[in-house]
Amino acid sequence: MNKQYPILDQINIPADLRKLDKSQLSQAADDLRAFLIDEISQCGGHFGSGLGTVELTVALHYVFNTPHDRIVWDVGHQAYPHKILTGRKNRLQTIKQKDGLAPFPKRCESEYDTFGVGHSSTSIGAALGMSLGSQIAGEQRDVVAVIGDGAMTAGMAYEALNHGGELDTNMLVVLNENEMSISPNVGALTRMLIKIVSGRTYNRMREKSKRMMRRGSWLWKFLSRWEEHTKGMFVPNTLFEELGFHHLGPIDGHDVDQLVEKLEIAKEINGPKLLHIITKKGKGYKPAEEDPIKYHAVGKFNPEEGIKSNNKPSKPSYTEVFGQWLCDMARIDSKLVGITPAMREGSGLVEFSKLFPKRYFDVGIAEQHAVTLAAGMACEGIKPVVAIYSSFLQRAYDQLIHDVAIQNLDVLFAIDRGGVVGPDGATHAGNLDISFLRCVPNMTIMAPADENECRQMLYTGHQHPGPAAVRYPRGKGPGAAILPKMTELPIGKADMVRKGGKDVAILNFGALLDQTELAAEKLDATVVNMRFIKPIDRNMIEKMARKHSHIVTLEDNVIQGGAGSYVNEILHELNIQTPVLNLGLPDKFQDHGTREQLLEEAGLTSAEILKRIQAFLQNKQSAKVYSL
């Protein structure tokens with residue numbers, strides 16, 4: 001498809017955009033939106049958020065001298081237009097694919113990507129650090145943080161605002177309000193922003209009046225004092241001004257001329273400032289405007305027809321297994337509640353939220369609060385289930401230790417996206433959770449090998465009187481039949497699934513059991529589904545080590561500090577000299593690619609597992625432990 005985009009075709013970098021006349025910016029935005037729709041419909045990727053920031057992206061790169069001036073995008077879902085304008089237009093169809101463009105801003109990809117992102121609410125803190133760093137280095141530059149209203153539900157955004165409001169920096173925060181993150185936004189802040197929008201009359205009066213007078217004159221000073229007393233007539237006294245930010249807006253975030261005007265005004269104002277804009281997620285593509293959740297991230301589709309529903313029956317994903325279990329368990333246990341940090345759809349809570357609305361709690365993008373909220377509920381005899389991605393649980397690690405584990409509270413963590421995740425890259429990879437969880441006292445940690453085991457482990461964790469975690473991968477499992485009946489598994493007990501010869505015993509932890517069994521068939525190896533990472537089945541480990549000449553551990557977690565390391569520690573304590581090969585994810589942050597590609601890269605497909613074990617068996621070294 002060789003479509004023409006008259007203005008966009010002239011733009012390869014932002015300097016080309018700045019050569020345009022202001023009257024051409026609206027057409028530039030139209031071209032950019034059309035290009036984004038055409039390209040992403042062919043390759044898939046994050047969609048609705050970028051459509052909502054087209055005009056803002058054009059205005060920012062037009063007004064500010066990027067890359068000397070810094071733009072920090074929060075999360076990065078909204079940064080596809082930014083990638084198009086900053087030299088990556090011709091590679092957009094490779095986005096999220098192995099060796100292609102990263103799904104989020106990435107410093108090593110472009111000098112225009114000033115900060116690597118993927119998790120929410122980091123932009124203001126990073127931008128403040130850049131602004132202060134530039135001052136210290138004697139550099140004069142503007143720094144802009146673009147943050148959505150959904151990301152403003154996270155505590156660290158306010159920590160940065162609280163700090164930045166008292167400092168003499170020229171940082172600009174652009175608050176992009178569209179009432180959406182992935183799910184609809186929740187909480188008191190959203191209600192406050194709606195009130196501010198209703199005060200547009202006040203804001204128009206304020207800005208026009210200040211432009212008519214000289215800063216510092218007696219009239220300016222008089223009206224500034226008067227402003228504080230009369231503000232309440234039009235709009236609630238905003239939190240941002242109380243924190244020390246000069247507040248501009250709200251304005252229409254899809255009016256590129258007004259955006260340019262306000263950004264130019266903001267450049268002239270000394271000190272911290274905040275521009276509040278109103279946008280619509282999915283702007284310019286009607287199906288995405290009407291269903292922003294469905295069009296948040298898309299696969300390939302025909303833009304003339306939109307995304308078509310797939311009615312073909314298929315085996316459920318692990319996320320769907322969890323969602324069904326949660327509803328089934330809630331019918332049995334009236335004390336069960338579900339908690340999510342703004343991931344209702346991603347974590348499989350949609351049906352639960354409809355069936356049990358009074359027991360469903362979406363706390364916004366506030367992982368720390370989600371965990372401590374659960375701890376408080378557990379103190380009152382409630383049975384909270386925290387549904388959270390592995391990489392997002394990292395953000396609540398202190399709360400997991402301090403508020404849950406130390407007090408040995410009855411909280412179940414349903415950890416989605418454990419192990420290799422894929423196209424979203426290192427920021428969303430769940431490759432560290434076994435390592436950072438197993439060192440925490442009082443924790444029970446389980447890793448299912450298939451869908452039915454996931455259901456039974458969730459039930460086991462719910463019945464267990466203390467903190468428990470079930471970590472399961474993204475996507476679908478091997479297709480095991482899911483038993484409606486829920487059975488409590490014996491805590492800390494492994495299951496031998498294949499009895500082989502005496503050469504090799506493979507201790508498998510989690511979702512790679514199907515790959516393990518394929519390799520084991522050709523090796524005539526014994527296979528143990530370990531099930532529990534903590535407490536680990538020490539008796540099974542000792543038995544396997546004494547009956548086999550070699551031990552192999554396998555997990556979809558980094559080897560360092562993982563389940564295999566735990567096996568090594570136990571064998572060392574028992575003074576057993578059986579050689580051990582630890583197989584797992586590499587000691588690096590893997591880039592984006594499909595789950596299959598990343599597992600192959602890590603040597604965790606059945607073919608690669610076989611090769612690595614065969615090489616291990618042929619190794620004549622006398623060292624006790626081998627890790628690849």
Side-chain angles (χ1 to χ4, degrees), residues 318 418-420 422 431 434 447-454 471-480 494-533 536-537 540-541 543-559 562-568 571 578-587 590 593-621 623-628:
Y318 280 100
V420 169
N431 58 333
I434 290 177
D450 60 41
E451 300 91 333
N452 182 61
E453 196 165 70
C454 183
R471 58 97 70 175
Y472 44 89
R474 180 182 185 177
K476 301 182 186 302
D495 177 37
M496 184 188 294
V497 295
R498 186 185 193 279
K499 187 174 181 179
K502 295 183 178 181
D503 285 342
V504 184
I506 307 175
L507 310 183
N508 177 84
F509 295 85
L512 296 175
L513 182 62
D514 57 338
Q515 300 297 307
T516 302
E517 290 181 301
L518 289 173
E521 287 290 334
K522 297 182 179 180
L523 292 164
D524 189 27
T526 297
V527 178
V528 178
N529 177 17
M530 292 299 291
R531 288 183 168 175
F532 288 84
I533 294 149
I536 202 165
D537 193 335
M540 179 66 80
I541 292 169
K543 179 181 176 181
M544 292 297 104
R546 295 198 185 279
K547 289 191 172 184
H548 296 80
S549 60
H550 297 78
I551 294 291
V552 176
T553 67
L554 187 62
E555 62 194 297
D556 57 345
N557 186 85
V558 293
I559 294 172
S565 292
Y566 201 174
V567 172
N568 299 344
L571 294 178
T578 307
V580 179
L581 171 67
N582 299 132
L583 298 179
L585 297 176
D587 183 25
Q590 287 185 287
T594 66
R595 175 175 167 80
E596 293 72 25
Q597 287 171 330
L598 297 183
L599 286 174
E600 183 174 7
E601 179 183 276
L604 296 180
T605 61
S606 60
E608 289 299 314
I609 291 168
L610 177 62
K611 286 181 186 178
R612 295 173 75 178
I613 295 177
Q614 287 173 334
F616 172 55
L617 295 175
Q618 295 168 6
N619 196 315
K620 304 302 182 183
Q621 297 180 30
K624 176 184 172 185
V625 175
Y626 303 88
S627 295
L628 295 180

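A quick note: this is a predicted structure, and the numbers were derived from the prediction, not measured. Numbers for residues simply follow the sequence, beginning at 1.
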Go through the steps to decide whether His550 and Leu523 satisfy the test side-chain contact (heavy atoms from CB on, under 4.5 Å), and finish with yes or no.
CA-CA 12 Å; His550 297 78; Leu523 292 164; over 6 Å; no

Please report the interatomic distance CG(Asp450) to CG(Asn529), rounded to the nearest 0.5 Å.
8.0 Å

Check: Thr553 side chain, Leu507 main-chain N or O, donor-acceptor pair, under 3.5 Å
no

Side-chain heavy-atom pair Val567, Ile536 within 4.5 angstrom cut-off
yes

May I ask you to decide if Leu583's main-chain N or O and Arg612's side chain share a donor-acceptor pair within less than 3.5 Å?
no

Any donor and acceptor pair, going by atom type alone, linking the side chain of Asn557 with main-chain N or O of Ile434 inside 3.5 Å?
yes

Would one find more than 12 heavy atoms of other residues, nucleotides or ligands at under 6.0 Å from atom NZ of Lys543?
no

4.5 Å side-chain heavy-atom contact, Glu608 and Gln515:
no

Is it the case that atom CD in Gln614 sees more than 12 heavy atoms from other parts of the structure closer than 6.0 Å?
yes

Leu513 side chain near Val527 side chain, heavy-atom distance below 4.5 Å
yes

Which atom of Pro586 lies closest to which atom of Val558, heavy atoms considered:
O-CG1, 3.6 Å

Please walk me through it: do Met530 and Glu555 pass side-chain contact (heavy atoms from CB on, under 4.5 Å)?
CA-CA 10 Å; Met530 292 299 291; Glu555 62 194 297; over 6 Å; no

Ignoring hydrogens and geometry, is there a side-chain-to-backbone donor-acceptor pair from Asp514 to Pro478 under 3.5 Å?
no

Within-4.5 Å side-chain heavy-atom neighbours: Ile541 and Val528:
no

Determine whether Asp524 and Arg498 satisfy the following criterion, salt bridge (charged side-chain N to carboxylate O under 4.0 Å, His left out), listing intermediate values before the conclusion.
CA-CA 9 Å; Asp524 189 27; Arg498 186 185 193 279; 3.3 Å; yes

Mind listing the closest non-hydrogen atom pair of Ala447 and Ile533 along with its distance?
CB-CD1, 3.8 Å

Might you work through the salt bridge (charged side-chain N to carboxylate O under 4.0 Å, His left out) test for Glu453 and Arg531, ending with a clear yes or no?
CA-CA 9 Å; Glu453 196 165 70; Arg531 288 183 168 175; 2.6 Å; yes

Of all the heavy-atom pairs spanning Ile506 and Ala525, show the shortest one and how long it is.
CD1-CB, 4.1 Å

Atom pair OH/CG of Tyr566 and Asn582 - distance to nearest 0.5 Å
14.5 Å

Non-hydrogen atoms of Arg474 and Arg595 that approach each other most closely:
O-CD, 4.3 Å

Could you walk me through whether Ile613 and Lys522 pass the side-chain contact (heavy atoms from CB on, under 4.5 Å) check?
CA-CA 11 Å; Ile613 295 177; Lys522 297 182 179 180; over 6 Å; no

Under the side-chain contact (heavy atoms from CB on, under 4.5 Å) rule, what do Leu617 and Leu581 come out as? Steps first, then yes or no, please.
CA-CA 10 Å; Leu617 295 175; Leu581 171 67; over 6 Å; no

Looking at side-chain heavy atoms only, is the closest gap between Val420 and Gln590 below 4.5 Å?
yes

Would you call the rings of Tyr472 and Tyr318 parallel, tilted or perpendicular, taking 30° and 60° as the class edges?
parallel

Can you name the closest pair of heavy atoms from Thr578 and Ala545 and give their distance?
OG1-O, 2.8 Å

Work out which heavy atom in Gly501 is nearest to a heavy atom in Thr526; give both atom names and the distance.
O-OG1, 3.7 Å

When you compare the side chain of Leu512 with that of Leu599, does any pair of heavy atoms fall below 4.5 Å?
yes

Just by modelled atom types, is the Glu517 backbone N or O under 3.5 Å from a matching donor or acceptor in the Ser606 side chain?
no

